[in-house]
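Before I ask anything, let me first share the structure, which is written out below as structure tokens.
Positions are given from 1, in the same order as the sequence printed here.
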Amino acid sequence: FMPRLNKPDYHPPMQVSLKTPAGTASGVDADFWAGWLDRSYMIYLTKGVMNVSSLAGQQDMRNPGEAIKLRDLNALPPRPFLVRDRQLEKMEAKIRRPTVSYY
């Protein structure tokens, strides 16, 4: 999960770009989750605007709750879709939480 890295009033806004074997996701002032889920690289937008591209073209995500699944670097990224609760639970399970050890 990648939260915004800068304050909302910081100018110029920081652009974040993430490369996967199946494409690239980039956004400005965006919160998103990216990872391997359901046999594809999934980019899930929680805030802001993201651009997802491959060698064949690009798609934009503008609405929170949308995701794109990337499977092939040479294929056009599919259109964004709304994520189901089951997929959100899988994403949450993949986020690492700090562990506390008591000695």
Side-chain angles (χ1 to χ4, degrees):
F1 176 68
M2 179 66 80
R4 290 182 299 157
L5 297 176
N6 54 312
K7 296 179 182 178
D9 58 348
Y10 178 80
H11 292 287
M14 185 182 298
Q15 180 172 354
V16 176
S17 182
L18 174 74
K19 291 185 178 183
T20 73
T24 302
S26 59
V28 176
D29 197 26
D31 293 348
F32 64 97
W33 179 91
W36 182 253
L37 188 72
D38 296 337
R39 296 180 308 236
S40 61
Y41 291 94
M42 187 173 196
I43 313 295
Y44 172 70
L45 180 67
T46 58
K47 183 179 180 188
V49 175
M50 295 288 300
N51 176 279
V52 179
S53 61
S54 68
L55 295 176
Q58 66 182 14
Q59 290 284 356
D60 290 331
M61 288 190 292
R62 301 188 178 279
N63 301 314
E66 289 183 335
I68 290 179
K69 287 185 176 183
L70 298 171
R71 291 193 175 108
D72 186 359
L73 185 60
N74 296 311
L76 182 67
R79 298 181 112 182
F81 64 93
L82 291 175
V83 175
R84 297 186 305 258
D85 290 340
R86 180 181 59 82
Q87 290 170 316
L88 286 173
E89 290 170 2
K90 286 182 181 180
M91 281 186 265
E92 184 180 0
K94 288 184 176 262
I95 295 174
R96 292 185 184 198
R97 292 180 176 83
T99 56
V100 177
S101 298
Y102 297 98
Y103 296 99

Checklist entry - For Met91 and Val83, which heavy atoms make the closest approach, and how far apart are they? => result CE-CG1, 3.6 Å

Item to check | Nearest heavy atoms of Ala56 and Leu76, plus distance in Å | outcome: CB-N, 3.5 Å

Next on the checklist: Please determine whether residues Leu73 and Tyr41 belong to a single hydrophobic cluster, defined as Ile, Leu, Val, Met, Phe, Trp and Tyr linked transitively by side-chain heavy-atom distances below 4.5 Å.
Outcome noted: no

Next on the checklist: Let me confirm one number: the CZ-CZ distance from Arg71 to Arg39, rounded to the nearest 0.5 Å.
Outcome noted: 7.0 Å

Checklist entry - Does a side-chain heavy-atom distance below 4.5 Å link Asn74 with Ser54? => result no

Item to check | Heavy-atom closest contact (Val49 atom, Arg62 atom, distance) | outcome: CG1-NH1, 3.7 Å

Next on the checklist: Assigning hydrophobic clusters by single linkage (Ile, Leu, Val, Met, Phe, Trp, Tyr; side-chain heavy-atom cutoff under 4.5 Å), is Trp36 placed with Leu18?
Outcome noted: yes

Item to check | Contact check, side chains of Tyr44 and Met61, non-hydrogen atoms, under 4.5 Å | outcome: no

Checklist outcome for this item: In short, Met50 meets Leu45 closest at the heavy-atom pair CG-CD1, 3.3 Å

Checklist entry - Roughly how far, to the nearest 0.5 Å, is the OG atom of Ser53 from the CG atom of Leu70? => result 8.5 Å

Item to check | Contact check, side chains of Met42 and Lys90, non-hydrogen atoms, under 4.5 Å | outcome: no

Checklist outcome for this item: Minimal heavy-atom distance between Val52 and Pro77, with the atoms involved, is O-CG, 3.8 Å

Checklist entry - How many angstroms lie between atom CD1 of Ile43 and atom CG of Asn51, to the nearest 0.5 angstrom? => result 11.0 Å

Item to check | Atom CZ of Arg86 with >12 non-hydrogen neighbours under 6.0 angstrom | outcome: yes

Checklist entry - Once you round to the nearest 0.5 Å, how far does OG1 of Thr24 lie from CD of Gln58? => result 11.0 Å

